[in-house]
Amino acid sequence: MSQLLDNLNPEQLAAVTLPARHALILAGAGSGKTRVLTTRIAWLIQSGFCGPQGILAVTFTNKAAKEMVTRLSAMFPINTRGMWIGTFHGLCNRFLRAHHRDAGLPQLFQILDSGDQLASIKRLLKTLNIDDEKFPPRDLQHFINGQKEAGIRPAAVEAWDDYTRRRVELYVEYEAQCQREAVVDFPELLLRSYELLERNEPIRRHYQARFRHILVDEFQDTNVLQYRWLKLLAGGQGGEGGACLFCVGDDDQSIYRFRGAEIGNMRDFERDFRVTDVIRLEQNYRSQGNILDAANALITNNTKRLGKNLWTDKGAGEPIRVYEAFTDTDEARWIVEEIQSLVRDGMGRADIALLYRSNAQSRVLEHQLFSSGVPYRVYGGLRFFERQEVKHALAYLRLIANPDDDTAFTRVVNFPTRGIGARSLEALQDAARTWNTPLYQTVPHLSGKPGTSLAQFVVLIERLRQETRELPLHEMVDHVIELSGLRAHYKTEKEGQERLENLDELINAAANFSAEVGAGQIPGEQPSETSAVLAEFLAHASLEAGDHQADAGIEAVQLMTVHAAKGLEFDVVFLSGLEEGLFPHENSAQESDGLEEERRLMYVAVTRARQRLYLSFTQSRMLHGQVRYNLRSRFLEEIPEGLTKWLTPPSPRRSFVSEPSTRYYNPGAGKAAAPAMPPPPPQKSRDLGGLRIGQSVNHARFGDGVIVAAEGSGNDARVQVKFAEAGAKWLMLAMAKLTPV
DNA sequence: GCCCTACATGTTTTT
DNA sequence: CATGTAGGGC
């Protein structure tokens with residue numbers, strides 16, 4: 001026990017050993033948040049305040065949940081299975097499976113991930129003959145999820161205009177379709193759970209009595225519905241006999257407002273539960289002083305804060321290095337050279353992160369890393385269970401588990417192709433509407449001979465179900481991949497090798513999964529029904545889409561967006577593209593509080609670094625096929641001068657373009673519809689020494705070209721010339737001899 | 001049923 | 001620029 005609390009700082013100790021009251025822990029970046037959470041759970045149990053079954057700990061990502069379980073198991077021997085530790089969605093899934101009847105769901109309901117949901121909505125619009133130009137499926141998905149995440153069913157939507165009323169009708173239709181097909185989307189998992197708890201008093205009372213301590217990670221990321229769910233589970237506001245809510249979060253790291261996170265929940269929580277225990281964890285164990293000072297200085301520019309100041313006893317450390325490049329390519333080249341030099345000095349590549357605001361920026365960086373032969377790894381992109389071949393295999397499995405799943409049906413009815421075209425599918429869909437049956441059940445109704453392709457498809461699925469009934473999960477998956485023709489299909493495909501490997505990997509995943517499920521079994525107990533294991537596996541596949549990329553072992557430089565970097569830390573961090581319009585992103589200017597969210601994002605980025613932080617920006621950047629000239633980011637100006645060291649001569653924050661984000665169109669590269677190129681600012685024409693943009697020039701080495709852009713002034717004046725032979729080059733006017741042609 | 005081209009469309013992302 | 005998608009043509 002004493003060991004458990006060793007080495008905690010006073011604030012951490014206070015948080016861990018708080019009496020049984022509601023509490024809000026404001027945990028700054030790198031302040032030992034996860035440690036406090038897990039130690040609190042261990043402390044509660046070891047002190048006898050509560051049994052493992054009285055704990056509910058909820059996180060946002062599977063990774064965080066797993067981390068918590070791992071750390072707990074390392075602290076003391078405990079059966080973590082008895083505890084409810086998981087993601088909001090994972091826990092709701094568990095809850096709904098346990099009470100599926102009361103929730104109005106079949107036991108083996110399937111879970112739609114966002115892709116499935118979109119496909120389902122598209123299909124709905126098609127069957128209802130609705131113009132998807134007028135109702136873009138993506139918008140509709142966003143609308144429906146937005147309502148659900150606010151806890152609003154169609155009947156309760158406030159619709160003042162025809163368009164919204166129409167969307168509400170579609171919301172109704174969509175719900176009906178999901179119910180018919182026995183599928184549940186992500187927000188539905190939460191809303192159903194919430195509604196069941198709200199309406200069913202015995203169940204509510206049961207869980208309110210069971211959970212004594214509810215611990216919430218990343219509380220600043222909760223949405224409206226998640227907070228209401230927590231309130232309900234905790235037994236209402238400050239209610240006696242309910243659970244204690246222990247919410248850990250950092251308002252300064254709230255960067256997911258765009259997907260429904262409601263920072264207001266933190267204030268609401270304080271008010272609703274009359275929280276008197278607010279503990280700030282401000283000692284940072286990650287970064288050197290200069291880095292923290294920069295982060296603190298930045299974030300004080302935000303107005304809506306609960307207030308917090310990070311500190312460290314590590315000393316100031318190195319200055320923050322700032323670099324100004326001419327172009328994005330130059331920036332990338334410099335970063336790669338710097339990385340190579342760091343690696344030569346013994347820095348591990350995996351300890352170096354390369355961060356950017358948007359994914360589009362990674363390409364230039366990747367290109368440079370690749371051509372320099374520096375191993376790198378990009379986070380983001382498709383994950384394992386989202387790959388098409390894996391989704392196809394899963395769709396067959398879903399049909400076996402639940403033939404009513406029309407999304408799965410349409411996905412594979414003709415994949416691999418078996419001669420079922422749009423024509424026969426339309427007929428089937430019409431018939432399904434007439435008979436009001438799922439597609440699968442509609443097939444026999446069709447007035448075709450039993451030998452039709454559709455009938456054969458049903459025979460295939462029935463056969464698969466029969467033949468795999470007794471098989472262990474991984475053999476079942478193997479069998480399905482084989483008999484569905486998927487394996488044969490990818491064997492003939494030119495680039496099918498990787499897909500085949502992924503299908504094998506799916507079989508492995510199934511084997512691992514059933515081994516884990518089996519491990520949780522009490523010896524002598526009947527093994528679970530294959531169908532139940534299958535349903536669990538499918539839920540697992542939807543809820544946990546897997547790692548972004550598999551080869552984590554390689555010593556490689558880590559590339560990712562700032563969002564993806566949240567929660568991670570690195571010895572060295574390069575933050576690139578610090579330009580107005582890019583970071584802060586131009587789209588954020590329109591949203592209220594958009595700039596503050598961008599600044600929080602910047603705060604997250606800066607606090608990823610342990611020892612060394614590089615900030616870089618460029619004078620010109622190629623974006624969407626156009627060269628753009630941006631001012632350097634205002635966030636750079638918000639870092640006190642004494643903390644930084646400029647690797648390039650500090651320049652005034654001026655560009656010859658007065659307005660940020662002004663676009664100059666590249667003659668030749670631009671489209672005809674592009675607005676006319678703005679005239680160069682008058683004071684520039686002098687500095688160009690008689691040259692102007694659009695002028696044809698000759699260079700001794702590069703030959704003939706056209707001036708397409710210019711920047712800087714006096715001795716710094718540069719022009720970009722697009723040469724017929726040599727391509728586009730930036731040239732210093734003072735150096736290059738350009739003669740007008 | 002498949003391939004090709006024209007065209008639009010470009011933040012951030014987990015479950 | 002570059003990537004994805006919708007729709008036409010074979």
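Here is the naming used below: chain letters follow the sequence lines, and residue numbers restart at 1 for every chain.
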(request) Tell me what A:F186 touches on the nucleic acid: a base, only sugar-phosphate, or nothing, going by heavy atoms under 4.0 Å. (result) base
(request) Output the single nucleotide from B:dT11, B:dT15, B:dT13 whose closest atom is nearest the side chain of A:N359. (result) B:dT13
(message) What is the distance, to the nearest angstrom, from the CD atom on A:Q626 to the C1' atom on B:dT9?
(response) 12 Å
(message) Does B:dT13 have its OP1 or OP2 closer than 4.0 Å to a side-chain nitrogen or oxygen of A:T561?
(response) yes
(request) Would you classify A:E133 as touching base, sugar-phosphate or nothing, given that sugar-phosphate means primed atoms plus P, OP1 and OP2, and contacts are heavy atoms under 4.0 Å? (result) nothing
(message) Measure CZ/A:R138 against C1'/C:dA6 and give the value in whole Å, please.
(response) 14 Å
(message) On DNA chain B, compare the nucleotides closest to A:H563 and A:R418; which residue's is nearer the 5' end?
(response) A:R418
(message) So A:L91, base contact, sugar-phosphate only, or nothing? Heavy-atom distance under 4.0 Å.
(response) nothing
(message) Without decimals, in angstroms, what is the distance between A:R628 CZ and B:dG10 P?
(response) 14 Å
(message) Applying a 4.0 Å non-hydrogen cut-off, can you work out what A:N62 is touching in the nucleic acid: base, sugar-phosphate, or nothing?
(response) sugar-phosphate
(message) Between A:G421 and A:N587, which residue's closest nucleotide on DNA chain B lies nearer the 5′ terminus?
(response) A:G421
(request) Could you tell me whether A:E591 contacts a base, only the sugar-phosphate backbone, or nothing, with contacts defined as non-hydrogen atoms closer than 4.0 Å? (result) base
(message) Categorize A:S542 for me: base, sugar-phosphate, or nothing, with a 4.0 angstrom heavy-atom threshold over every strand shown.
(response) nothing
(request) Check the side chains of A:Q177 and A:Q179 for a donor-acceptor pair under 3.5 angstrom, ignoring hydrogens and angles. (result) no
(request) With P as the reference atom in both, quote the distance from B:dT13 to C:dG4 in angstrom, rounded to an integer. (result) 16 Å
(message) Regarding A:R363, tell me which of base, sugar-phosphate or nothing describes its non-hydrogen contacts under 4.0 Å with the strands shown.
(response) sugar-phosphate
(request) Grab the CG-C1' distance between A:L355 and B:dT12 for me, whole Å please. (result) 13 Å
(request) Would you confirm whether the ring centroid of A:H100 sits within less than 6.0 angstrom of the ring centroid of A:F109? (result) no
(message) For a quick check under 3.5 Å, do A:R123 and A:T407 share a side-chain donor-acceptor pair by atom type?
(response) yes
(message) Can you tell whether the side chains of A:D132 and A:K122 come within less than 4.0 Å, N to carboxylate O?
(response) no
(request) Rounded to whole angstrom, note down the C1' distance from C:dT3 over to B:dT14. (result) 23 Å
(message) Taking donor-acceptor contacts at under 3.5 Å, does the side chain of A:T87 reach the base of B:dT14?
(response) no
(message) Taking only side-chain N and O atoms of A:T417, does any of them lie within less than 4.0 angstrom of OP1 or OP2 on B:dC2?
(response) yes
(request) Starting at OH of A:Y171, measure out to CZ of A:F143 and round the result to the nearest 0.5 Å. (result) 8.0 Å
(request) Look at A:R259 and B:dT11 and indicate whether a side-chain polar atom (N or O) is within less than 4.0 Å of OP1 or OP2. (result) no
(message) For the C1' atoms, the ones on C:dA6 and on B:dT11, what distance do you get once it is rounded to whole angstrom?
(response) 24 Å
(request) May I have the distance from A:L225 (atom CG) to B:dT15 (atom P), rounded to whole angstrom? (result) 17 Å
(request) Identify whether the distance between the nearest side-chain nitrogen and carboxylate oxygen of A:E366 and A:R363 falls below 4.0 Å. (result) no
(message) Please report the distance, rounded to the nearest Å, between CD in A:Q220 and P in B:dT14.
(response) 15 Å
(message) What's A:Y256 touching, base or sugar-phosphate or nothing? Going by heavy atoms closer than 4.0 Å.
(response) sugar-phosphate
(request) Flag as yes if A:H585 stacks onto the base of B:dT11 (centroids under 5.5 Å, planes under 30°), otherwise no. (result) yes
(message) Could you check whether A:F60 and A:Y256 have their ring centres less than 6.0 Å apart?
(response) no
(request) Whole angstrom is fine here: how far is it from CG in A:N414 over to P in B:dG1? (result) 5 Å
(request) Please state how far atom OH in A:Y379 lies from atom P in B:dT14, giving the value in whole angstrom units. (result) 13 Å
(request) Measure from the ring centre of A:F258 to the centre of the six-membered ring in the base of B:dT12, then say whether that distance is under 5.5 Å and the planes meet at under 30°. (result) yes
